[in-house]
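Down below is the structure, laid out as structure tokens.
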Amino acid sequence: MSDTPALSRHPFAPEVLADPWDFYREVHATAPVFQVPGMPITYVASYDALVDVLGRVEDFSNDFGDALSGARASDPEVKAILDTGWPAVDTLLTADPPVHTRFRKLVNLAFSMKRVDSIEGKIRDIAVELIEAMLAKADRGEVVDFVADFAVPLPVAVIASEIGMESSTDIATVKRWSDAFADRLGRMIPREREVECAREVVEYQHHAKTLIDARRERPTDDLLNDLVHASVDGENPLSDAEIMSILQQLMVAGNETTTSTLAGGLVMLINNPAELAKVRADKSLIPNMVEEMLRLESPTSGLFRVVKRDTEVAGVPVKAGTMLMVRFAAANRDPTRYPDPDRFDVTRANAKTHLAFGRGIHMCVGNMLSRRELVVAFQELLDRVETFALAPGAVPVAKPNMFLRGLAALPVVLTRRQAVAA
């Protein structure tokens with residue numbers, strides 16, 4: 001294992017971020033833990049090394065909020081806009097114990113299995129409505145964009161309904177805000193977009209404040225209400241800024257994870273008709289198929305950790321104050337953990353051991369909701385759609401982003417299953 005391997009491409013080059021699979025194969029074969037050339041960042045691609053890092057909270061900190069604040073957060077115009085809102089606070093993603101422990105206790109109350117079970121019917125109703133709309137377009141001979149017509153609106157509509165923004169206009173607004181958060185996170189946008197995103201963040205904060213105040217005055221039965229009224233073990237309730245931070249993380253992590261896995265998963269089914277046939281023959285395979293899709297797609301490709309003290313990762317020295325890039329997407333294709341790692345196998349025995357939602361104390365709090373959305377979506381898709389195919393000439397292309405990965409569009413041709421025709 002080399003500190004500075006002779007890599008064919010830079011790990012953060014836009015073309016690698018958009019299509020990283022050859023690069024991951026290269027680093028697994030040469031140096032799965034290495035110092036990124038010219039940067040104070042150690043890249044961790046090995047499954048075992050990643051699990052080790054995620055468990056060593058005393059050595060590796062999640063206090064990397066500055067790295068997620070946007071590439072131009074100190075720009076005077078951007079800063080002036082953000083100053084008209086609420087200050088960013090470290091809650092789940094960018095906090096360490098004991099601060100993180102308080103948030104996790106309170107937020108777990110909102111993201112309980114009881115809450116997920118209670119909204120499954122809502123998820124299914126939204127999925128069916130969106131599928132029927134896609135099939136109506138297909139019946140008219142129109143090409144369906146699976147990303148725009150299904151993969152995006154499903155999770156956005158679910159979270160919008162859980163924060164009291166259920167109209168079509170509201171859903172579009174939630175998506176706009178989510179895009180702004182994700183674009184700032186990706187650190188690959190021009191200054192003009194950075195300014196626009198700052199305005200979107202502040203707009204979101206002010207609207208969120210009205211929703212929070214409404215639930216403090218009159219409780220409702222939704223996820224936001226659970227956050228506003230969360231109370232456990234004498235912990236202080238969540239403040240407005242803390243609730244805003246948690247909702248913002250949910251909009252990005254929940255929406256992006258579900259959207260990207262839906263789109264990437266459909267491509268896997270189209271490209272692997274034998275695996276699709278297995279699932280059609282045995283619908284009980286859908287939950288494991290979803291785990292395999294999460295493993296292969298890994299929408300949250302990677303995140304940072306801050307090295308707290310001089311130590312080693314898989315024998316590679318790392319110095320205090322430098323950064324680790326923990327690359328979940330690479331670890332999920334580690335051939336030492338997953339034989340034939342690039343193959344889509346709906347019956348893979350260890351598919352659920354993937355790290356798409358992280359591991360340990362920082363495992364994504366919304367993972368149960370995302371999993372349920374994915375399972376329900378594919379149940380309804382397989383029940384209602386007879387054939388899936390890429391539209392003629394369509395080439396799925398991912399958007400370059402340092403942390404997130406997802407398809408920009410997915411033009412498909414669908415045919416209706418006659419057994420459920422309206």
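Heavy atoms only: backbone and side chains are in, while hydrogens, waters and symmetry mates are out.
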Point to revise | side chain to side chain donor-acceptor pair (under 3.5 Å) between Thr220 and Asp222, worked out | key: CA-CA 6 Å; Thr220 55; Asp222 56 26; 3.2 Å; yes
Check your understanding: Could you go step by step and tell me if Asp221 and Arg115 meet the salt bridge (charged side-chain N to carboxylate O under 4.0 Å, His left out) rule?
Key -> CA-CA 10 Å; Asp221 182 21; Arg115 168 57 61 190; 2.9 Å; yes
Check your understanding: Under the salt bridge (charged side-chain N to carboxylate O under 4.0 Å, His left out) criterion, do Arg199 and Glu203 qualify, and how do the steps go?
Key -> CA-CA 6 Å; Arg199 293 195 180 101; Glu203 178 190 340; over 6 Å; no
Exercise for review: Could you walk me through whether Arg343 and Glu292 pass the salt bridge (charged side-chain N to carboxylate O under 4.0 Å, His left out) test, one step at a time?
Suggested key: CA-CA 10 Å; Arg343 182 169 65 91; Glu292 178 74 340; over 6 Å; no
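Looking at heavy atoms from C-beta onward, Glu162 lies out of side-chain contact with Leu227 at the 4.5 angstrom threshold. Side-chain atoms of Val365 and Asn108, non-hydrogen and from C-beta on, do get closer than 4.5 Å to each other. Side chains of Asn62 and Arg305 form a contact here, defined as non-hydrogen atoms less than 4.5 Å apart. A heavy-atom distance below 4.5 Å is not found between the side chains of Phe60 and Val326. Contact annotation: the side chain of Leu303 approaches that of Phe403 to within less than 4.5 Å [non-hydrogen atoms, C-beta and beyond]. Taking 4.5 Å as the limit, some side-chain heavy atom of Arg371 sits within range of a side-chain heavy atom of Glu291.
Looking only at distances, a side-chain donor or acceptor of Asp75 sits under 3.5 Å from a matching main-chain atom of Val78. In this structure, Thr259 contributes its side chain and Ala151 its backbone to a donor-acceptor pair below 3.5 Å. Under the 3.5 Å distance criterion, the side-chain polar atoms of His10 are left unmatched by any main-chain donor or acceptor of Val36. Side chain of Ser370 to main chain of Asn367: no donor-acceptor pair is present (N/O by atom type, distance under 3.5 Å, no hydrogens or angles). Side chain of Arg333 to main chain of Pro341: no donor-acceptor pair is present (N/O by atom type, distance under 3.5 Å, no hydrogens or angles). Between the side chain of Thr261 and the backbone N or O of Thr258 there is no donor-acceptor pair closer than 3.5 Å.
Ring centroid separation for the pair Phe357 and Phe328 does not come in under the 6.0 Å cut-off.
More than 12 non-hydrogen atoms from other residues, nucleotides or ligands lie less than 6.0 angstrom from NZ of Lys283. Within a 6.0 Å radius of CD in Glu129, no more than 12 heavy atoms belonging to other residues, nucleotides or ligands are found. For Arg140, the CZ atom counts as densely surrounded, since its 6.0 Å shell holds more than 12 non-hydrogen atoms of other residues, nucleotides or ligands.
Across every non-hydrogen atom of Gly358 and Leu54, the tightest pair is C-CD1, 4.4 Å. Considering all non-hydrogen atoms of both residues, Ile212 and Asp240 come closest at CG2-OD1, 3.4 Å.
Checked by atom type, the side-chain pair Thr336/Asp334 shows a donor-acceptor distance below 3.5 Å.
Asp117 meets the salt bridge (charged side-chain N to carboxylate O under 4.0 Å, His left out) test with Arg372; sequence neighbours excluded.
Within the structure, ring pair (Phe, Tyr, Trp, His ring centres under 6.0 Å) pairs that include any residue of residues 148-177 comprise Phe146-Phe150, Trp177-Tyr204, Trp177-His207 (at least two apart or interchain).
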